Asks: 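Take this structure first; my questions come after.
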There are 2 protein chains.
Amino acid sequence: MAKNTLKKLGLKLTPQRLAILNLLEGNTKHPSAEDIYNKLKPQYPSLSLATVYNTLEVLVKAGEVHEIRIKAGKRCFDPNPIPHGHFLCRICESVFDLDIKPLEIQTPCSIKGYLLENYMIYFYGICPECQEGDNIKDR
Amino acid sequence: MAKNTLKKLGLKLTPQRLAILNLLEGNTKHPSAEDIYNKLKPQYPSLSLATVYNTLEVLVKAGEVHEIRIKAGKRCFDPNPIPHGHFLCRICESVFDLDIKPLEIQTPCSIKGYLLENYMIYFYGICPECQEGDNIKDR
DNA sequence: TTGTTAGATTATAATAATTACAATCTTGTA
DNA sequence: TACAAGATTGTAATTATTATAATCTAACAA
Ligand SMILES: [Mn+2]
Ligand SMILES: [Mn+2]
Ligand SMILES: [Zn+2]
Ligand SMILES: [Zn+2]
């Protein structure tokens, strides 16, 4: 629940933060900062894109939200704390969850002197919907 | 050899492209477009950053170079065609190769209807050098 | 060689995502 | 209710990247 998340992190309870957290809760769409802004703007006309970025930054730093870097130049955000893979469709550009068995690696751990704190697996290809009909394109 | 790569791809042999390819050959530093530009500018004063981007684009499209999206907002490039993992140190921000046994997945393949053409694994943490002394910082 | 031309390079402008800033506002607490 | 720390906002600045149009040159044939 959004309210508890903010309290746990020692953050002030503001309507903007609650709205952002509520929008993210259970959301598997992997929205960008601008997606979130556009979704909330109608209900919160005073909302600023800067606030969306600020809020996402504290949530990511706190580990409440993960930053997905699957597409160039644009981050997207994921509230799902359970480790899972991500898939970017090169046709529709959507990002999907892909429940691939995670690596046999547990984090944190140390491999060849590198301290691994986290990892991400990104897959690229074509999603089921975009494979229908004549959508399939050569690379 | 850079010359052969260009011929194979049906591209004109220009000093700029040869310089970029030579700089990349065997390079494990994962340079950004700007890194490449800055490295070559002294020897090729007329070189334009646009040319670096253009060249990288054709090389990536041809599969000769891989685009690494391990850090937000800035791509870096890798001429190594052998699948391998990448590690970003959160202290020095360097990207290292990490020879982790790849997934049991072979690409292309299809999982749950998703056509997987490619995948990347990114690790985050602290590199060996940055773990020395008092460099270790809490997250 | 030389001429031709498709394609490459360049400088620069434009765009897109993100961050910085400073003024104003609000939450949490006394 | 009054205050102060922190949050929000609008806007400017920054950064990475892409687009554009003029100029240049590698490749090829005469
Ligand atoms: Mn996800
Ligand atoms: Mn590499
Ligand atoms: Zn798709
Ligand atoms: Zn380091």
Side-chain angles (χ1 to χ4, degrees), chain A residues 2-21 23 30-62 64-65 67-77 88 93 95, chain B residues 2-21 23 30-62 64-65 67-77 88 93 95:
Chain A
K3 198 182 288 193
N4 296 334
T5 304
L6 293 178
K7 285 197 173 157
K8 181 175 61 182
L9 302 177
L11 298 170
K12 284 187 179 170
L13 246 135
T14 69
Q16 295 88 343
R17 283 173 175 168
L18 290 169
I20 293 168
L21 275 167
L23 185 151
H30 310 94
S32 67
E34 207 177 12
D35 292 338
I36 295 169
Y37 174 75
N38 290 331
K39 268 273 175 41
L40 296 177
K41 190 72 175 169
Q43 299 222 288
Y44 300 84
S46 84
L47 181 67
S48 162
L49 185 54
T51 295
V52 177
Y53 274 108
N54 290 341
T55 300
L56 288 170
E57 189 185 25
V58 309
L59 294 175
V60 167
K61 282 206 177 127
E64 291 290 326
V65 165
E67 199 176 289
I68 309 292
R69 296 173 185 167
I70 200 168
K71 40 173 95 173
K74 192 171 213 172
R75 291 176 292 170
C76 53
F77 298 89
L88 174 66
E93 295 272 283
V95 176
Chain B
K3 198 181 289 193
N4 295 335
T5 303
L6 293 177
K7 284 197 174 157
K8 180 176 58 181
L9 301 177
L11 299 170
K12 285 187 178 171
L13 248 133
T14 69
Q16 296 87 340
R17 285 172 172 169
L18 290 170
I20 292 167
L21 275 166
L23 185 151
H30 310 94
S32 66
E34 207 177 11
D35 291 339
I36 294 169
Y37 174 74
N38 289 331
K39 266 274 174 40
L40 296 177
K41 191 71 177 171
Q43 299 222 292
Y44 300 83
S46 83
L47 181 67
S48 162
L49 185 53
T51 295
V52 177
Y53 275 107
N54 290 342
T55 300
L56 288 171
E57 188 184 24
V58 309
L59 293 175
V60 167
K61 281 205 177 129
E64 291 290 328
V65 166
E67 201 177 286
I68 309 293
R69 297 175 186 168
I70 200 169
K71 41 173 93 173
K74 192 170 212 173
R75 290 178 292 173
C76 54
F77 299 89
L88 174 66
E93 297 272 283
V95 176

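A, B, ... follow the sequence lines: proteins, then strands. Residue 1 opens every chain. What you see is a predicted model, and the numbers here were worked out from it, not measured in a lab.
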Asks: Ignoring hydrogens and geometry, is there a side-chain-to-backbone donor-acceptor pair from B:R69 to A:I70 under 3.5 Å?
Replies: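 Answer holds: yes.
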Asks: When every nucleotide of nucleotides 25-30 of chain C is labelled 5' to 3' by its protein contacts under 4.0 Å (heavy atoms), B for base, S for sugar-phosphate only, - for none, what sequence of letters results?
Replies: --BS--
Asks: Side-chain atoms of residues 48-55 of chain B: list all donor-acceptor pairs with protein atoms under 3.5 Å, sequence neighbours left out, distances to 0.1 Å.
Replies:
{"unit_1": "B:S48", "atom_1": "OG", "unit_2": "B:A50", "atom_2": "N", "d": "3.0"}
{"unit_1": "B:N54", "atom_1": "ND2", "unit_2": "B:A50", "atom_2": "O", "d": "3.3"}
{"unit_1": "B:T55", "atom_1": "OG1", "unit_2": "B:T51", "atom_2": "O", "d": "2.8"}

Asks: Rounded at 0.5 Å granularity, tell me how far OG1 in A:T14 sits from CG in A:L21.
Replies: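 Answer for the OG1-CG pair, A:T14 versus A:L21, is 9.0 Å.
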Asks: I'd like to check the salt bridge (Lys or Arg N to Asp or Glu O under 4.0 Å) partners of A:E57; sequence neighbours left out, ordered by chain and number.
Replies: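 A:E57 satisfies salt bridge (Lys or Arg N to Asp or Glu O under 4.0 Å) with A:K61 once adjacent residues are dropped.
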Asks: Think B:Y53 has a side-chain N or O under 4.0 angstrom from the OP1 or OP2 of D:dT18?
Replies: no
Asks: So, taking the atom named CG in B:L23 and the one named CG in B:L40, what distance separates them when rounded to the nearest 0.5 Å?
Replies: 5.0 Å
Asks: Listed by chain and number, what are the side chain to side chain contact (heavy atoms under 4.5 Å, CB included) partners of B:V60, not counting sequence neighbours?
Replies: B:V65, B:E67, B:F77
Asks: OP1, OP2 of D:dT9 versus side-chain N and O of A:Q16: anything below 4.0 Å?
Replies: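 Yes, such a contact exists.
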Asks: Within residues 34-49 of chain B, which residues have any heavy atom lying less than 4.0 Å from an atom of DNA chain C?
Replies: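 Those residues are B:S46, B:L47, B:S48.
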Asks: Taking atom CG of B:L18 and atom CG of B:L6, what is their separation to the nearest 0.5 Å?
Replies: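 Rounded to the nearest 0.5 Å, the CG-CG separation comes to 5.5 Å.
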Asks: Taking atom P of D:dA16 as reference, at what distance in whole Å does atom CG of B:L56 sit?
Replies: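 B:L56 atom CG is separated from D:dA16 atom P by 15 Å.
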Asks: Can you run down the side chain to side chain donor-acceptor pair (under 3.5 Å) pairs that involve residues 2-12 of chain A, sequence neighbours left out, and say none if there aren't any?
Replies: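 The answer is A:K8-A:E64.
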Asks: Starting from C1' on C:dA8, measure out to CG on B:L6 and report it in whole angstrom.
Replies: 12 Å
Asks: Return no unless some side-chain N or O of B:R17 is found under 4.0 Å from OP1 or OP2 of D:dA26.
Replies: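 So the side-chain polar atoms of B:R17 never come under 4.0 Å of the phosphate oxygens OP1 or OP2 of D:dA26.
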Asks: Taking only side-chain N and O atoms of A:R75, does any of them lie within less than 4.0 angstrom of OP1 or OP2 on C:dA17?
Replies: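 No, A:R75 has no side-chain N/O under 4.0 Å of OP1/OP2 on C:dA17.
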Asks: What residues form a salt bridge (Lys or Arg N to Asp or Glu O under 4.0 Å) with A:E93, not counting sequence neighbours?
Replies: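 Per chain and number, A:E93 pairs via salt bridge (Lys or Arg N to Asp or Glu O under 4.0 Å) with no residue.
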Asks: Grab the NZ-C1' distance between B:K3 and D:dA26 for me, whole Å please.
Replies: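 Rounding to the nearest Å, NZ of B:K3 and C1' of D:dA26 are 13 Å apart.
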Asks: Between the two ends of the helix from C:dT1-D:dA30 to C:dA30-D:dT1, what is the bend in degrees, rounded to 10 degrees, where each end axis spans five pairs?
Replies: 30°
Asks: Between the protein and nucleotides 19-24 of chain D, are there any N/O to N/O pairs under 3.5 Å, and if so, what are the atom names and distances?
Replies:
none

Asks: Under 3.5 Å, which protein N or O atoms sit close to an N or O of nucleotides 28-30 of chain D? Give each pair with its distance.
Replies:
none

Asks: Separation of B:R69 atom CZ from D:dT17 atom P, in whole Å?
Replies: 11 Å
Asks: Test: side chain to side chain donor-acceptor pair (under 3.5 Å). Region: residues 30-40 of chain B. Which pairs qualify, not counting sequence neighbours?
Replies: B:H30-B:D78, B:H30-B:H86, B:H30-B:D97, B:S32-B:D35, B:Y37-B:K41
